[in-house]
> 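I'd like to ask some things about the structure below.
The first residue in the sequence is number 1, and the count goes up from there.
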Amino acid sequence: MGGGSGGGLFSSDIKSLEDKVKQRLAEAKGDVSRHVFISFDHEDLDEVNLLRGQAKNDKLDLQFDDHSVKEPYDSNNADYIKRNIREKIDRCSVSLVYLTDKTASSKWVNWEIEESVKRGKGVIGVYKGDTPPARTPPAFQQNGCKAVKWEHAAMTKAIEDASTKR
């Protein structure tokens, strides 16, 4: 008994929603910025901050939104730290590993690579200088991650490739 419309949408409402969704999708395609998590050894923070700054420079073609950890978590609770890092990785399409001799032995960098792969994120490495470090984190090697030189065009292409080939 009782009638009622059952809360359905009118076709004009559906059409309006479809138009809004199409507009948002078109706007998203125009956004060339990628969401990137940067994995690094904390001793390399100054160089990573330089990388972050370059990505914000309007005059360069390198562009990404950094969702990585800016300050170390003030905790000895590994589960808490991992939970917070996972949230940041989840917001990204690519994890960029800043490769130095220090990252090769960092348990946190290795875990972040494993977690990124587990969560379906593209992973790339970036190194400074003419040759990559002789040693890289085990998870970087085991997952066949590619490393590129810290150079705008190479990093931009690697980020784009890793984002679309996940």
> Excluding sequence neighbours, so at least two apart, what forms side chain to side chain donor-acceptor pair (under 3.5 Å) with K157?
D161
> Could you list the residues that satisfy salt bridge (Lys or Arg N to Asp or Glu O under 4.0 Å) with K118, not counting sequence neighbours?
E115
> List the steps and the verdict of side-chain contact (heavy atoms from CB on, under 4.5 Å) for C92 and V36.
CA-CA 5 Å; C92 298; V36 175; 5.6 Å; no
> Name all residues meeting the side chain to side chain donor-acceptor pair (under 3.5 Å) criterion together with R83; count only those two or more places apart in sequence or in a different chain, and write none if there are none.
none
> Output a table of donor-acceptor pairs, distance under 3.5 Å, between side-chain atoms of residues 130-138 and any protein atom two or more places apart or on a different chain; print 'none' if there are none.
from : atom 1 : to   : atom 2 : distance (Å)
D130 : OD1    : K149 : NZ     : 3.0
T136 : OG1    : Q141 : NE2    : 3.1

> Using the test side chain to side chain donor-acceptor pair (under 3.5 Å), find all partners of Y127 that sit at least two apart in sequence or belong to another chain.
none
> For I38 and L51, work out which heavy atoms get closest and say how close.
CD1-CD2, 4.4 Å
> State whether the side chain of N143 and the backbone N or O of C145 hold a donor-acceptor pair below 3.5 Å, judged by distance alone.
no
> Only counting residues at least two apart or in another chain, list the ones meeting side-chain contact (heavy atoms from CB on, under 4.5 Å) with K146.
none
> Same cluster or not: are L45 and V97 linked, directly or through other Ile, Leu, Val, Met, Phe, Trp or Tyr residues, by side-chain heavy atoms under 4.5 angstrom apart?
no
> List in chain and number order the residues that pass side chain to side chain donor-acceptor pair (under 3.5 Å) with T103, two or more places apart in sequence or in another chain; answer none if no residue qualifies.
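Residues passing side chain to side chain donor-acceptor pair (under 3.5 Å) with T103: none at all.
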> Considering only residues two or more places apart or on different chains, which pairs with a residue in residues 96-105 satisfy salt bridge (Lys or Arg N to Asp or Glu O under 4.0 Å)?
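Only D44-K102 qualify under salt bridge (Lys or Arg N to Asp or Glu O under 4.0 Å).
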> So, using salt bridge (Lys or Arg N to Asp or Glu O under 4.0 Å) as the criterion, who are the partners of E47 when residues are at least two apart?
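Counting only residues at least two positions away or on another chain, E47 forms a salt bridge (Lys or Arg N to Asp or Glu O under 4.0 Å) with K128.
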> V123 vs V117, test: side-chain contact (heavy atoms from CB on, under 4.5 Å). Steps then yes/no.
CA-CA 7 Å; V123 178; V117 170; 3.9 Å; yes
> With Y98 as reference, evaluate F37, F140, W150 under the ring pair (Phe, Tyr, Trp, His ring centres under 6.0 Å) test and give the passing residue.
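It is W150; the other options fail the test.
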